[in-house]
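Structure, as structure tokens:
Not measured: the values here are computed from a predicted model. All residue numbers refer to positions in the sequence shown, counting from 1.
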Amino acid sequence: MTSKKVKVLTIPARRQVKTEEHQNEANKLRVAAYCRVSTESEEQAGSFTTQVNHYTNFISRNPEWQLIDIYADEGITGTNTKNRKEFNRMIDECMAGRIDLIITKSISRFARNTVDCLNYIRQLKEKRVAVYFEKENINTLDSTGEVLITIMASLAQQESESISKNVTMGLRYRYQEGQVFVNHKKFLGYTVDEEGQLVINPKQSWIVKRIFKEYLEGKGTGIIARELMEDKVPTATGLLKWTSDDINRIIANEKYMGDALLQKTYTVDCLTKKRVTNDGSVPQYYIEDNHEPIVSKEIYNLAQKEKARRSNLYSGKKKKRRLYQGKYALSGITHCGNCADIFRRITWTYKGKKTYVWRCVTRVEKLCECKSRTINEEDLHRVIVEAINQYMTSKNEAIQNIELISRDVLDKKYDEPLDDIEEELHHLQKKLLDNLSDEAHDRIVDKLEALRKVKQEILVKNASREEKRKRLSDIKAFLKSAHTDIEEYEERLVTRLINSVVIHDDKVEVELKTGDTIEIKQ
């Protein structure tokens with residue numbers, strides 16, 4: 001079989017016509033430099049400036065090189081490249097074909113993560129971009145470059161992991177010594193003094209006190225957040241937007257009672273810097289009376305008890321509801337007399353006109369399971385006002401009852417002492433600093449935990465009594481100051497005076513925070 005002759009047409013290259021100046025520029029190697037310092041200290045800032053000047057002069061002196069740019073990241077860690085803006089800009093320029101050679105001090109300046117280092121080097125090699133490491137004298141386009149790079153980058157990664165472990169151990173040592181470091185810039189109510197210790201910021205501390213006070217008065221976190229925004233109260237960052245989560249974080253923060261729980265989170269990967277909640281995998285350190293409190297321990301612990309109570313509240317037939325997230329004072333405290341579920345505010349629209357009513361949630365969701373009535377919001381508000389006015393008609397008797405309860409049941413002499421528990425806790429805490437066996441250490445930790453629980457229970461009991469004393473005192477002051485009947489419904493009066501409302505078919509029961517119940521027939 002004879003092969004068919006193939007015709008090949010050669011297309012000659014076009015002749016490039018350039019001036020001598022352009023020819024020289026085209027032949028020059030386009031060079032960039034990358035430098036980085038790891039911290040923002042004055043010493044490292046000087047090193048940073050020195051590196052920039054060095055590479056500018058070094059590249060400019062070589063007649064065969066054309067300086068493209070100096071890419072410099074200051075005060076950024078090298079364990080990953082996510083936040084290194086200048087590094088990423090340099091890589092983009094390489095991918096666009098504007099750079100032929102990158103010069104950098106060492107592998108550890110370029111990257112301490114083996115995977116990142118090799119990925120970028122291979123990515124650059126595909127574009128025929130070389131990286132030259134001065135310290136190691138490695139050019140990545142050499143035949144031996146990648147083998148050396150793998151070894152050196154691995155060593156750099158081990159160094160980074162070692163540094164991370166040393167930092168972690170240093171932090172834990174300081175924690176054991178009771179040294180606390182807090183980012184006060186986003187910490188509402190506190191700032192730091194010259195020694196770095198937390199001190200109260202009076203311009204913000206009143207906000208924290210207000211939040212705890214209103215929460216214990218019965219307001220939901222949603223209501224508190226809304227009212228703070230209405231009053232144009234700024235957050236720690238100066239914003240005027242508050243959320244329920246913001247309120248919950250403040251209520252749950254032990255630092256507001258002067259204590260500090262350290263190592264709530266920890267780093268699981270020194271390369272990604274990923275942090276997770278500490279579930280007991282690493283030690284935690286609890287420091288009592290570390291700084292001046294904004295609220296008392298009693299108030300703080302009472303708020304935790306109230307928080308737990310609200311999160312575990314069930315309405316009829318064990319249906320769990322988020323009772324205290326509503327926008328209104330009656331949300332979560334208004335219940336159905338038939339099935340015990342909560343009543344919810346509903347909007348009815350008829351012919352473009354809106355009407356607001358309150359209705360049992362069970363009936364809203366499953367009509368066949370509850371036949372309770374729907375009550376118009378205006379009627380419900382009228383009932384609340386009438387109940388408060390009825391209570392005020394016998395206010396002298398009510399004031400006497402409040403004084404009797406305060407004297408015979410809530411007197412401070414009945415509060416439980418804590419001195420012995422405090423002394424034992426201090427003794428056990430000191431023993432932990434001794435060189436103990438693991439078994440002995442665990443025994444002391446168990447005792448500490450048990451004692452802390454006992455202490456917290458006593459604090460909550462005492463705080464509950466104190467809070468009830470304040471509540472009764474507040475109601476007593478209200479009764480003494482109120483000389484005329486209440487004419488209009490007010491949300492703040494509901495929060496101040498009313499514990500619960502139960503809607504029946506023929507009546508409404510209004511329970512006051514004194515324990516008295518007023519029935520309004522309908």
Residues forming a salt bridge (charged side-chain N to carboxylate O under 4.0 Å, His left out) with Lys213, sequence neighbours excluded: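 Checked Lys213 against salt bridge (charged side-chain N to carboxylate O under 4.0 Å, His left out); matches are Glu217.
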With a 4.0 Å cut-off, would you call [X] and [Y] a salt bridge?
| X | Y | result |
| --- | --- | --- |
| Asp246 | Arg249 | yes |
| Lys85 | Asp73 | no |
| Glu369 | Arg363 | no |
| Arg210 | Asp231 | yes |
| Glu230 | Lys232 | no |
| Lys219 | Glu227 | yes |

Are side-chain heavy atoms of [X] and [Y] found at a separation under 4.5 Å?
| X | Y | result |
| --- | --- | --- |
| Glu424 | Leu451 | yes |
| Lys307 | Ile251 | yes |
| Asp259 | Lys297 | yes |
| Tyr328 | Ile223 | no |

Listed pairs under 3.5 Å, donor-acceptor, residues 379-389 side chains, sequence neighbours left out:
from: Asp379; atom 1: OD1; to: Arg382; atom 2: NH1; distance (Å): 2.6
from: Asn389; atom 1: OD1; to: Ile486; atom 2: N; distance (Å): 2.7
from: Asn389; atom 1: ND2; to: Val385; atom 2: O; distance (Å): 3.3
from: Asn389; atom 1: ND2; to: Ile486; atom 2: O; distance (Å): 3.0

Using the side-chain hydrogen bond (donor to acceptor under 3.5 Å, both in side chains) rule, take Glu509 and Thr517 through it: C-alpha gap first, then chi angles, then the decisive distance, then the call. CA-CA 7 Å; Glu509 291 179 349; Thr517 300; over 6 Å; no
Report yes or no: does [X] contribute a side-chain atom to a donor-acceptor pair with the main-chain N or O of [Y] at less than 3.5 Å?
| X | Y | result |
| --- | --- | --- |
| Lys513 | Thr495 | yes |
| Tyr300 | Ala252 | yes |
| Trp358 | Thr334 | no |
| Glu491 | Ala329 | yes |

Decide side-chain hydrogen bond (donor to acceptor under 3.5 Å, both in side chains) for Thr514 and Asp516; before the verdict, give the C-alpha distance in whole Å, the side-chain angles of both, and the deciding distance to 0.1 Å. CA-CA 6 Å; Thr514 58; Asp516 299 290; 2.5 Å; yes
More than 12 non-hydrogen atoms from neighbouring residues, nucleotides or ligands closer than 6.0 Å to [atom1] on [X], yes or no?
| X | atom1 | result |
| --- | --- | --- |
| Lys447 | NZ | no |
| Asp420 | CG | no |
| Glu378 | CD | no |

Side chains of Arg345 and Tyr356, donor plus acceptor under 3.5 Å: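 The answer is no; no qualifying pair exists.
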When rounded to the nearest 0.5 Å, the distance separating CD of Glu488 from CG of Leu493 is 11.0 Å
Residue pair Tyr190, Ile294: steps toward the side-chain contact (heavy atoms from CB on, under 4.5 Å) verdict: CA-CA 9 Å; Tyr190 282 102; Ile294 291 177; 3.6 Å; yes
